[in-house]
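A short worksheet on the structure shown next.
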Amino acid sequence: MKAAARTPRRPRKATNPTQKDPVGVYCRVRPLSRADQECCIEVINGTTVQIHPPEGYRVFRNGEYRETQYSFKEVFGTLVVQKELFDVVAKPLVEDLIRGKNGLLFTYGVTGSGKTHTMTGSPGDGGLLPRCLAMIFNSIGPFQAKRFVFKLDDKNGVDVQSEVEALLERQRREALPTPKTPAGKRQLDPQFADMIDARDPCRAEEVDEDNVYGVFVSYIEIYNNYIYDLLEEAPCDSIKPKPPQSKILREDQNHNMYVTGCTEVEVKSTEEAFEVFWRGQKKRRIANTQLNRESSRSHSVFIIKLAQAPLDADGDNVLQEKEQITLSQLSLVDLAGSERTNRTKAEGNRLREAGNINQSLMTLRTCIEVLRENQLYGTNKMVPYRDSKLTHLFKNYFDGEGKVRMIVCVNPKAEDYEESLQVMRFAEMTQEVEVARPLDRPLCGLTPGRRLRNQAFREELSRKLELRGGPVGAGPEEPSAAELFFQSFPPLPPCELLDINDDQTLPKLIEALEQRHKMRQMLTEEFAKNVLAFKTMLQEFDSSVASKENYIQGKLAEKEKTITGQKTELERLEKKIKTLEYKIEILEKTATIYEEDKRNLQQELESKSQKLQRQASDKRRLEARLQGMVAETSLKWEKECERRVAAKQLEMQNKLWVKDEKLKQLKAIVTEPRAERPERPSREREREKPLPRSVSPSPAPSCGDPAELGDSRVAPRVPRRSNSCSSISVASCVLEWEQRGPSCQPASIPKSRNKAGAEPGSAWPSPARRRGMCWSRVLEVPRDREELEQEEDPCCRSTPVAPLRPRRSRSAGERWVDHRPPSHVPTETLLQPRVPRAITVEAPSERALARCDRYLLTHQELASDGEIQTKLIKGDVFKTRGGGQAVQFTDIETLKQESPTGRKRRSSPPNPDPAGDAADSEWTDVETRCSVAVEMRAGSALGPGFQHHAQPKRRKP
Ligand code: ADP
Ligand code: MG
């Protein structure tokens with residue numbers, strides 16, 4: 001029966017894309033041909049070679065020439081033998097082949113670098129190819145299928161057929177006159193006989209012994225970008241040789257490339273395979289000679305295909321299942337010389353050929369470059385495999401799966417320096433290309449070790465038969481016992497009766513027949529015996545099988561018991577797991593609830609603490625406010641107390657003075673009965689007194705008693721009050737204020753004034769008394785300012801701080817000096833003080849003061865509540881005797897900003913005694929309006945000479 005299916009070569013993409021191996025690149029340095037040759041390549045270590053320019057090529061750089069090192073997977077020096085190279089480079093590829101994986105091995109280098117030597121070898125020193133073949137047959141030898149069990153089809157597939165079909169085909173082919181199938185054991189061609197090391201025991205370690213194997217070889221040559229079959233049997237015409245027919249490349253259903261119509265020879269031994277190779281080699285040589293070709297310009301490709309299929313379950317015959325067949329291949333390529341064309345001095349046709357050859361190698365280079373780039377940078381450039389037959393044929397190795405190895409052959413001679421450099425560069429680049437690692441072949445699924453068990457059983461059977469002396473079980477080579485027995489049968493005598501009297505022939509025949517009959521009987525007996533023996537053996541076998549079966553069943557039962565036990569255990573554990581899971585679930589739920597509670601409580605805590613904080617801050621604010629209020633109230637009360645004490649003092653003083661005056665008048669009446677005015681002499685006395693310091697017209701300050709002189713800088717309070725000039729000024733102020741109308745007069749003042757005014761005939765106080773009595777004096781004089789000035793004491797007239805010259809009429813366009821210090825801060829309130837016709841100055845100048853008659857100072861300070869408080873201090877400008885200007889302050893206006901939402905106005909805090917308070921406030925206002933002259937001395941700078949003689953606001957009289 002023939003399984004007509006195609007070879008199911010492993011689907012192309014059954015690779016592991018994550019598992020990739022780089023192309024293995026090895027370097028072999030051949031020895032120099034002559035010892036006197038110049039060498040340019042040195043082996044540094046097991047993986048590195050150093051190449052240095054020979055004399056003629058040396059590129060001098062600062063007196064040194066450049067040496068380049070190249071690293072490879074392994075470097076083989078000149079002393080390395082073929083066997084060593086094979087073990088490292090080719091052996092793994094053969095092992096892969098036997099495991100059903102593809103491999104590609106090629107040699108690259110310039111002509112004469114040792115490519116062919118490495119691949120093919122020389123007599124007595126076989127190269128990689130014969131060694132690969134030897135290893136394959138050493139490994140699969142005993143497991144080879146009968147010839148024609150595997151049959152390659154013309155579409156790169158393989159069929160399998162039964163041994164009987166294979167036998168029939170064998171007989172059919174042997175009947176044909178041509179071609180001659182090489183016999184298994186015959187004399188080898190002496191030309192290559194010693195290239196195969198028959199003693200080499202090299203074999204693969206892992207060979208599936210339950211498989212049967214078939215090896216096929218093919219040998220092609222690519223020359224001038226044409227493919228030729230070197231094994232093709234063409235009719236040989238020695239007179240006019242026909243040029244060989246080129247072959248074309250095709251892709252099979254698994255996208256593998258193959259040469260159509262290429263001869264693939266099934267070989268059964270190393271010798272046979274190498275003989276086929278040698279045949280192709282010879283043909284190649286002949287063609288080169290006949291067609292005048294340069295052999296080094298062609299690429300030779302020797303392809304070894306290994307088909308393998310598993311044995312059936314009995315381990316007897318090959319399994320007739322197409323899915324189970326594996327076909328792997330190893331391609332051994334001896335590339336053409338990589339040197340450039342000019343080196344070989346090719347001409348005409350040869351040049352074209354060489355060009356093409358170089359073109360193939362160039363394409364190989366380009367493909368490798370693009371592959372490398374795609375892999376390194378993740379690009380997806382198209383690899384130009386189709387540009388040459390060589391790359392197209394091996395597309396699958398780079399694109400699909402397999403192991404690729406390259407041996408770079410170099411000749412260290414100096415002449416090859418440049419070419420060797422090129423070779424090295426290409427080799428280094430090739431190392432960076434990665435090829436997908438093929439997956440391991442799956443097993444057929446049948447029990448392993450079938451073949452061995454089968455064989456062992458057969459051997460055992462024959463041994464037992466032999467022991468019983470039976471004929472069964474003899475080897476197929478020797479004649480069986482039965483055959484020998486038949487051969488020993490007595491031959492029948494001639495039984496032709498020619499003479500009637502012949503009495504010998506018949507008795508002889510009878511005797512022979514009798515003998516034969518006897519023997520037959522013996523044989524029958526023997527047969528019966530054998531049958532019996534066989535039967536007993538069978539029974540024995542059966543019983544042993546049965547016992548084994550029983551044993552196995554017992555074991556099975558045991559195992560089943562264990563399995564059931566384990567199952568119940570498993571169930572128990574599963575139940576336990578379930579309960580635990582349930583518990584975990586409940587715990588998780590509880591945890592979630594607790595967490596929720598925790599979150600809520602935390603939120604509550606946070607809100608409460610916020611509330612507490614708010615309350616604390618409110619409390620702090622309230623405290624601060626209360627403290628402020630307490631401080632303010634206590635301050636106010638302090639002030640009020642002071643004020644009341646002062647008022648009381650004044651009142652008492654006035655009373656004292658009135659009494660004093662009365663006493664004086666009384667005394668005068670008693671002592672001098674003349675009705676004369678008592679004031680004049682005292683006034684005269686007063687005139688004799690030196691002028692007080694503060695009102696002196698002299699620019700230099702005197703050093704009189706400050707208390708006496710009323711210098712406010714030294715003793716600003718009581719002494720000032722005792723200054724008569726000041727008192728006049730104060731008096732004029734008070735007068736002015738009084739004249740403004742009764743509506744604005746405080747209620748308490750008229751009382752005191754009336755009290756004072758109740759003495760119409762009271763005399764002018766003596767100068768000694770007038771000190772500190774200005775207030776009474778003021779209250780006593782109910783006349784206007786002009787009159788007062790006219791009646792002024794001569795002392796005061798002679799030395800006025802406030803000059804007694806008639807003032808300009810205020811209604812008639814008075815002019816103001818608006819003194820705004822540079823530190824003035826704009827308040828930006830809607831209501832701003834507006835001073836018409838004012839000269840605004842930052843510092844008061846004499847010139848400005850001379851041109852104006854009114855003076856306004858804008859003073860700003862920070863109030864106790866933190867607000868800006870602006871004070872407009874007003875005064876009159878007078879000319880002093882010294883020629884300077886003096887300012888007499890007359891009024892203070894306080895401007896204050898207050899937030900409507902802020903504290904209550906100062907004027908409105910609850911007062912326990914509203915009437916008294918109002919009166920006191922008025923007292924304060926009156927005080928506020930008091931001013932003291934400021935003397936501006938002529939010639940003195942305004943800054944230092946500007947003297948305030950009184951605080952604008954006074955609390956003590
Ligand atoms: P290629 O095939 O690269 O043109 P060959 O393999 O034909 O070069 O080698 C040219 C010559 O050099 C041959 O005579 C070969 O015997 C010799 N040769 C090459 N490599 C070695 C080597 N490693 N050891 C000894 N001889 C070698
Ligand atoms: Mg060669």
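Atoms within a ligand are numbered from 1 in the order they appear, just like the ligands themselves. Count residues from 1 along the sequence. Quick caveat: nothing in here was measured; it's all calculated off a predicted structure.
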Answer yes or no: is there an ion pair linking E233 with R279, defined by an N-O contact shorter than 4.0 Å?
-> yes
Taking the six-membered ring for Trp and the full ring for Phe, Tyr or His, determine whether the centres of F72 and Y26 are under 6.0 Å apart.
-> no
Could you go through the salt bridge (charged side-chain N to carboxylate O under 4.0 Å, His left out) check for D36 and R34 one step at a time?
-> CA-CA 5 Å; D36 60 336; R34 297 191 320 273; 3.1 Å; yes
Do we see a donor-acceptor contact under 3.5 Å between the side chains of S328 and N102?
-> no
Give a yes or no answer on whether the side chain of N225 reaches the backbone of K389 with a donor-acceptor pair at less than 3.5 Å.
-> yes
Any donor-acceptor N or O pair under 3.5 Å, side chains T111, E339 | yes
Under 2.8 Å from the Mg ion (ligand 2), is there an N/O/S atom belonging to T116?
-> yes
Protein residues near ligand 1, heavy-atom distance below 4.0 Å?
-> R28, R30, P31, V110, T111, G112, S113, G114, K115, T116, H117
